[in-house]
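Everything on this sheet refers to the single structure shown next.
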Number of protein chains: 2
Amino acid sequence: MDEIKVIEIKKNVFEDNDKDAEDLRKELKDKGVFLLNLMSAPGSGKTTTLIQTLNRIKNKVRVAVMEADIDSDVDAVKIVEATGVPSIQLHTGGMCHLDAEMTRQGLDNVGLKDVDLVVLENVGNLVCPAEFDTGAVRNAMILSVPEGDDKPLKYPLMFTVCDLVLINKTDVMPYFDFDLERCKSYIHQRNPKAQVIPICAKTGEGVDAFVQWLLAEVNAWKNN
Amino acid sequence: MDEIKVIEIKKNVFEDNDKDAEDLRKELKDKGVFLLNLMSAPGSGKTTTLIQTLNRIKNKVRVAVMEADIDSDVDAVKIVEATGVPSIQLHTGGMCHLDAEMTRQGLDNVGLKDVDLVVLENVGNLVCPAEFDTGAVRNAMILSVPEGDDKPLKYPLMFTVCDLVLINKTDVMPYFDFDLERCKSYIHQRNPKAQVIPICAKTGEGVDAFVQWLLAEVNAWKNN
């Protein structure tokens, strides 16, 4: 396997993040590239979900992955080994989130010429990443069953900014006090338009529904 | 039940956090009060662990709880209902962590006269809380089995600053690919002195060992 490209991204102290994010989105629109910002708490299964998704989608669209992490490159290595999809690792240098400028530094390294879809796996954190528009076309998050169905009450902004919530690890639902309908109602209190898709990334159950949503979004972005 | 006291804490823009933290620790030493800073990712079981712990410890030391959260007061309500231990809710106003000044604002509301031990439940986040010394005497964190045994590789600072790591939800170990020995070795790569105690907050297994550690720490702080 080729060595994973690791990018040490830097924060721009003169930033106007909302403007940077809008500029980035415009550029992505011009170039026909869809950027998905995938967020979650640590250990919710972002990387496993991505692997299942990439293996279903990689022959339908040209896709690349940016794995953001404070340290380590375990995720990018895993993604490349399990899917063959081009992946780079973004080191945030201790930062707890990505902003639009940091995202752009990543995209400059991915290159926007030969790609339809870039998935950004954000830092595992339900707080800070929700506060910074990365310039992505859509925000999605994963809430895993063991975290509990009350998380939309406790991390309101995260659920407010997400277009899609994947409820992962449904296979262990019998071992946890997690009520899917109650969780959905908490999510919709925060964001009535949020779509909710239950999945089990370990077995692949429900991932097709996510792939369908993602392909429809990519096509709409490229063609409308 | 009495209504929960909710404190809206503010960030001090002129702060020198390390100095504030040292000052706070000195004051706690003078007054014979032990402050434990309990950190974790969202949904790792901090509140359930606290309930089990408080019910075992509340007749041995005078204890109070500060529950930090971005929003909501579900945790403080739960704690009071399940244990009767005095608890206040700290609202961080969107902030992803507590610093020493914010902690002091909480302690001013708890009052340090009639208490031996205060437990601060920090914001659910493995990144930012690790960067700010709260003034606590000891830092502890909970890593739950569903999050995965690789977390010390991905959130290095959190594991470096913690004196104690509780590995929670050991009851679901058979359903997850979590190797306790591998996890311990990752933790000790980050912090060779960290103590590790496996627990199951749901059933109470292992919580006695945590209580023993905590009582020994409180006594050492008050008497040495």
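Per chain, numbering begins at 1; letters A, B, ... match sequence-line order.
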- Query: B/F176 vs A/F176 aromatic rings, parallel, tilted or perpendicular, using cut-offs 30° and 60°?
  - Reply: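 Rings of B/F176 and A/F176: perpendicular, as their planes differ by over 60°.
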- Task: Output yes when B/K202 and A/D177 qualify as a salt bridge under the 4.0 Å nitrogen-oxygen rule, no when they do not.
- Result: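 Judged by the 4.0 Å cut-off on N to carboxylate O distance, B/K202 and A/D177 do not form a salt bridge.
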- Looking only at heavy atoms, what is the nearest atom pair of A/Y155 and B/G124, with distance?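 Looking at all heavy atoms of both residues, the closest pair is OH-CA, 3.2 Å.
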- Between CD on residue B/E131 and SG on residue A/C96, distance to nearest 0.5 Å: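 Taking CD in B/E131 and SG in A/C96, the distance rounds to 6.5 Å.
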- Query: How long is the span from the CG atom in B/D150 to the CG atom in A/D75, to the nearest 0.5 Å?
  - Reply: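 Answer rounded to 0.5 Å: 7.5 Å.
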With side chains defined as the heavy atoms from C-beta onward, is the minimum distance between [X] and [Y] less than 4.5 Å?
| X | Y | answer |
| --- | --- | --- |
| B/V127 | A/H97 | no |
| B/P42 | A/P42 | yes |
| A/V123 | B/K154 | no |
| B/C128 | A/C128 | yes |

- Message: Would you say that more than 12 heavy atoms from the other residues, nucleotides or ligands in this model lie under 6.0 Å from the NZ of A/K19, or not?
- Response: no
- Message: At a 4.5 Å cut-off on heavy atoms, which part of B/D171 comes close to chain A: side chain, backbone, both, or neither?
- Response: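 Neither; nothing under 4.5 Å.
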